[in-house]
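Each remark here refers to the structure printed beneath this line.
The structure presented is a predicted model; accordingly, all values stated were derived computationally and were not measured.
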Amino acid sequence: MAVSFDRERLGPLKDTVAVVGVGETDYGADYRGAGGKAMAKGEVRYDSYTLASRALKRALDDAGLKKDEIDGLCTGPTLSSERACELWGMNPRWSGSGDAAQCIIEAAMAINCGLCTTVALVYGNAQRSMDTAYGGSRVTGGGITSYFYYAPWGLTSQGALYALLFQRHKLLYGTTDEQLGAIAVAFRKHACMNPNAVMQKPITIEDYMKAPYVAEPLRLFDYCLINDGGVAIILRRADMAKDCRQTPVMVSGFGWSEENVDATQLRPRLKDFYHTAHREVAAQVYPMAGVGPKDIDVFATYDSFSVHLLASLEGFGFCKEGEGGPFVQNGRIEIGGELPCNTSGGMLSESYMQSWNHQPELVRQLRGGLGQRQVQGAEVAQYVHDVAGKCKSIIYTKGG
Amino acid sequence: MATPRPIRSMDPYAEQFWAYTQKKEFRLQKCCDCGKFRWPPGPTCDKCLSDEFEWAAMGGQGKVLSWTTFRRGYFPEYPAPHTVIVLELDEGPLFVAYPVDMEVADLREGMTLSLRWTDGQDKYGEYNLPVFGPVSS
Ligand SMILES: [Zn+2]
């Protein structure tokens with residue numbers, strides 16, 4: 001079942017769809033609130049539709065499109081497509097749902113099949129307002145494949161599952177806490193160059209090491225934020241993209257592979273670090289885009305926990321298996337380094353938008369003009385979605 | 001009264017697993033057609049889709065793959081610090097449990113641990129929880 005690149009069918013889809021608009025809410029300002037004080041969990045300011053609507057309006061304005069030019073809609077998991085369409089007065093010819101990478105791949109297929117020409121991908125999550133729980137006794141379900149299954153033994157939370165992964169990495173390869181800490185420190189440095197990021201105070205490796213453990217060996221700064229926000233992305237058939245306000249960014253490659261066998265047992269997580277799925281996605285996304293890891297100017301990975309980056313860098317061939325620890329040190333993953341990663345600050349320090357906020361950041365890096373945060377000469381950007389073995393990747397390139 | 005624990009996920013197959021624990025029997029489903037063990041319990045063999053299975057008795061030994069220590073309390077029943085381990089059972093499946101009769105500092109990658117039982121209860125009733133400790137000499 002190994003994924004290989006279908007040159008005949010996927011090859012022609014390269015650059016057929018462009019990102020023409022992106023919009024996000026004011027993560028930092030919303031988090032800090034009017035008084036400049038961080039909002040408490042459960043202090044209701046928004047619902048998910050408020051945030052999604054605001055992001056959609058901004059993405060349309062960014063693209064210079066009217067809402068009636070949207071003929072396809074993809075919604076993130078917190079939104080009902082039916083309610084979103086009613087709220088926004090849309091009668092799309094096609095709709096889909098999922099995480100950001102899944103929606104981009106689905107929308108690219110729908111556009112290429114002629115089902116629609118211009119798709120809005122919209123996400124909103126009022127998780128701080130709603131005090132969403134990601135572990136413990138307030139989580140009452142999630143199905144057999146969730147950490148919920150292990151509650152009788154006291155195992156709970158995605159964070160603990162990634163702590164088990166990092167502990168295994170430490171045991172096998174001797175990876176150190178200081179090496180992992182370089183990731184949180186780099187992403188925070190990036191957030192401090194991003195006025196829209198929630199976190200604006202730099203941290204040092206000493207701050208990282210002094211911070212309390214949550215699920216050891218993961219510490220506070222290895223965990224993503226819990227904040228409110230919304231993201232929207234407008235994808236359009238490439239030949240129609242020139243009508244839009246911004247320089248288009250092309251969707252040049254995509255790949256998808258899942259590793260679900262014995263997943264609740266944690267086998268792919270602890271015995272493979274999900275590398276089988278990484279390798280299969282790499283075998284599709286790179287040849288489709290006509291680039292390799294060495295050509296990537298800006299990289300972003302799903303980072304609900306810092307350790308995602310180690311696994312994806314190794315799995316996609318940026319370094320050898322087990323060498324992620326030394327790889328992320330000495331500024332290599334920082335802006336100005338060899339492979340700038342999660343340049344917005346990511347989900348650790350910009351905003352926890354469950355993969356959605358990475359897409360506008362990569363698009364903006366390719367458009368250029370981000371000031372001190374700009375990766376100089378950025379032409380090829382890669383997003384890796386690596387969530388519990390559901391792996392996807394998108395490669396974006398600068399359009400003409 | 002048995003020790004209260006966070007609630008189990010229950011379905012017709014999990015029910016059978018936990019029923020065996022009342023007799024302190026540690027049994028996992030084994031496919032009658034291809035022999036693959038499965039965990040968590042379920043209706044079908046993921047390797048061959050057969051629905052014929054037996055509840056095979058496990059030897060009760062496994063090697064430590066990884067562990068994590070909760071430094072923040074998530075369940076009132078498990079105040080921090082609480083350590084959870086993942087073992088690779090001799091029969092093949094990986095199994096989540098927690099270590100007993102040993103210090104967390106003495107955990108090592110690949111060390112063999114063996115089955116112990118501790119009591120538990122939730123809204124589905126009383127049961128015994130499989131946990132793991134040092135191999136007795
Ligand atoms: Zn079978």
Side-chain angles (χ1 to χ4, degrees), chain A residues 133-174 211-220 222-223 260-273 305 307, chain B residues 3-11 13-14 18 21 36-42 46-47 64-89 92-98 104 107-110 118 120-122 124 127 129-132:
Chain A
Y134 293 99
S137 39
R138 288 199 294 125
V139 176
T140 53
I144 283 181
T145 57
S146 159
Y147 51 77
F148 180 62
Y149 206 80
Y150 294 117
W153 288 272
L155 174 61
T156 186
S157 80
Q158 278 297 340
L161 299 186
Y162 279 94
L164 288 166
L165 185 151
F166 181 54
Q167 176 67 12
R168 181 77 186 150
H169 205 273
K170 290 178 69 163
L171 292 169
L172 285 188
Y173 304 120
Y213 287 118
V214 182
E216 187 181 343
L218 297 188
R219 291 176 166 85
L220 178 67
D222 293 310
Y223 278 63
N260 295 320
V261 174
D262 287 333
T264 305
Q265 276 181 32
L266 310 179
R267 182 177 294 279
R269 178 184 298 266
L270 298 180
K271 299 285 279 186
D272 190 40
F273 301 106
F305 306 97
V307 67
Chain B
T3 311
R5 298 187 189 279
I7 193 165
R8 292 170 286 169
S9 292
M10 209 51 90
D11 60 51
Y13 303 92
W18 291 109
T21 72
K36 185 175 173 177
F37 288 98
R38 60 183 183 264
W39 174 256
D46 66 271
K47 194 172 172 195
V64 172
L65 273 183
S66 192
W67 61 89
T68 180
T69 300
F70 291 88
R71 296 286 177 183
R72 181 182 284 188
Y74 282 86
F75 294 114
E77 299 90 339
Y78 286 106
H82 171 65
T83 297
V84 170
I85 54 176
V86 184
L87 297 144
E88 184 165 21
L89 299 176
L94 308 197
F95 198 80
V96 167
Y98 62 78
V104 172
L107 283 169
R108 293 289 178 273
E109 196 282 321
T118 185
Q121 69 163 338
D122 58 18
Y124 298 111
Y127 62 97
L129 187 75
V131 292
F132 283 78

On a heavy-atom basis, which atom in [X] and which in [Y] lie closest, and how many Å separate them?
X	Y	value
A/R267	B/L94	CA-CD1, 3.6 Å
A/G154	B/F70	O-CE1, 3.4 Å
A/A151	B/F75	CB-CZ, 3.8 Å

Open item on the list: So, using salt bridge (Lys or Arg N to Asp or Glu O under 4.0 Å) as the criterion, who are the partners of B/K47 when residues are at least two apart?
Closed with: none
Task: Set of salt bridge (Lys or Arg N to Asp or Glu O under 4.0 Å) partners for B/R38, sequence neighbours left out - done: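 None.
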Open item on the list: Is there a side-chain contact (heavy atoms from CB on, under 4.5 Å) between B/W67 and A/Q167? Walk through the geometry before answering.
Closed with: CA-CA 7 Å; B/W67 61 89; A/Q167 176 67 12; 3.1 Å; yes
Can you tell me how far [atom2] of [Y] sits from [atom1] of [X], rounded to the nearest 0.5 angstrom?
X	Y	atom1	atom2	result
B/I85	A/L164	CD1	CG	10.5 Å
B/I7	A/F148	CD1	CZ	6.0 Å
B/R72	A/L220	CZ	CG	6.5 Å
B/S66	A/R269	OG	CZ	10.5 Å

Please state whether the side chain, the backbone, both or neither of [X] comes within less than 4.5 Å of a heavy atom of chain B.
X	answer
A/P152	both
A/K170	neither
A/L270	side chain
A/V214	both

Open item on the list: Apply ring-ring contact (aromatic ring centres under 6.0 Å, His included) to residues A/W153 and B/F132 and explain how you reach the verdict.
Closed with: CA-CA 11 Å; A/W153 288 272; B/F132 283 78; 9.7 Å; no
Under a 4.5 Å cutoff for heavy-atom pairs, which residue among [options] has the most contacts with chain A?
options	value
B/V86, B/L65, B/D122	B/L65
B/Y78, B/Y127, B/F95	B/Y78
B/L129, B/T118, B/D46	B/L129

Just wondering, do [Y] and [X] contact through their side chains at under 4.5 Å, heavy atoms?
X	Y	value
B/R71	A/R219	no
B/V96	A/Y149	no
B/Y98	A/Y150	no

TODO: Pick whichever of A/P217, A/P212, A/A160 has the most heavy-atom pairs under 4.5 Å with chain B.
DONE: A/A160
Using non-hydrogen atoms only, which part of [X] is less than 4.5 Å away from chain A: side chain, backbone, both, or neither?
X	result
B/P79	neither
B/Y74	both
B/P76	side chain
B/R5	side chain

Open item on the list: Whether the side chain of A/T264 engages the backbone of B/P40 through a donor-acceptor N/O pair (distance < 3.5 Å, no angle test) should be reported.
Closed with: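 No; judged by distance alone, with no hydrogens or angles, the pair does not exist.
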Task: Flag, side chain of B/E109 to backbone of A/L172, donor-acceptor distance under 3.5 Å - done: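 No, because the side chain of B/E109 does not come within donor-acceptor range (under 3.5 Å) of the backbone of A/L172.
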TODO: Please assess B/T69 against A/Y213 for the test side-chain contact (heavy atoms from CB on, under 4.5 Å), listing each intermediate value before the final yes or no.
DONE: CA-CA 9 Å; B/T69 300; A/Y213 287 118; over 6 Å; no
